[in-house]
K.L.:
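Got a structure for you, questions after.
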Amino acid sequence: MAMNKNTVLAWATTIMIIVGLGLIALGVFRYNESAGWGFASVGIGFFAIAWVFNALKGRV
């Protein structure tokens, strides 16, 4: 399977969305104190970076 730049960005976006969902789930279900807010905010940050990767597809 030949991987060009767009395929790499698509995989990176998918992986970052999965990790972001995992971090948000940790913040919601595992940690009830202030650490939960940190996990959830980092998960939202992963979503933002994945959004940038998705916007870069076709332009790089």
Side-chain angles (χ1 to χ4, degrees):
M1 178 171 122
M3 291 185 64
N4 57 11
K5 292 177 279 191
N6 290 332
T7 315
V8 170
L9 284 172
W11 275 107
T13 302
T14 305
I15 291 169
M16 291 197 76
I17 287 173
I18 291 170
V19 170
L21 284 173
L23 285 169
I24 291 173
L26 273 174
V28 170
F29 297 117
R30 176 69 171 95
Y31 297 105
N32 294 328
E33 61 274 357
S34 62
W37 289 98
F39 275 103
S41 63
V42 171
I44 292 170
F46 267 80
F47 279 161
I49 296 170
W51 181 24
V52 170
F53 281 170
N54 193 25
L56 284 175
K57 284 193 310 190
R59 291 181 175 22
V60 176

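Computed from a predicted model, the values in this text were never measured in an experiment.
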K.L.:
Say you draw a straight line from CG of Asn6 to CG of Leu56; how long is it, rounded to the nearest 0.5 Å?
P.N.:
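Result: 10.0 Å between the selected atoms.
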
K.L.:
Say you draw a straight line from OG of Ser41 to CZ of Phe46; how long is it, rounded to the nearest 0.5 Å?
P.N.:
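Reported value, rounded in 0.5 Å steps: 11.0 Å.
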
K.L.:
Can you tell me how far apart CD1 (Ile18) and OG1 (Thr13) are? Round to the nearest 0.5 Å.
P.N.:
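Interatomic distance, Ile18 CD1 to Thr13 OG1, rounded to 0.5 Å: 11.0 Å.
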
K.L.:
Which pair of non-hydrogen atoms, one from Ile17 and one from Phe47, has the smallest distance, and what is that distance?
P.N.:
O-CE2, 3.7 Å

K.L.:
Knowing that exactly one of Asn54, Leu21, Ile49 qualifies, which makes a side-chain contact (heavy atoms from CB on, under 4.5 Å) with Met16?
P.N.:
Ile49

K.L.:
Hydrophobic cluster membership, with links at side-chain heavy-atom distances under 4.5 Å among I/L/V/M/F/W/Y: are Trp51 and Val42 in one?
P.N.:
no

K.L.:
Check Ala12 against Phe53 and note the closest heavy-atom contact, atom names and distance.
P.N.:
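That would be CB-CD1, 3.8 Å.
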
K.L.:
Are Ile24 and Tyr31 co-members of a hydrophobic cluster defined by side-chain heavy atoms under 4.5 Å apart?
P.N.:
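In one cluster: no.
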
K.L.:
Apply the test side chain to side chain contact (heavy atoms under 4.5 Å, CB included) to residues Met3 and Trp11: give CA-CA distance (whole Å), side-chain angles for both, the deciding distance (0.1 Å), then the verdict.
P.N.:
CA-CA 10 Å; Met3 291 185 64; Trp11 275 107; 3.8 Å; yes

K.L.:
Are Val28 and Ile44 joined in one hydrophobic group, where the rule is that I, L, V, M, F, W and Y side chains link up if heavy atoms are under 4.5 Å apart?
P.N.:
yes

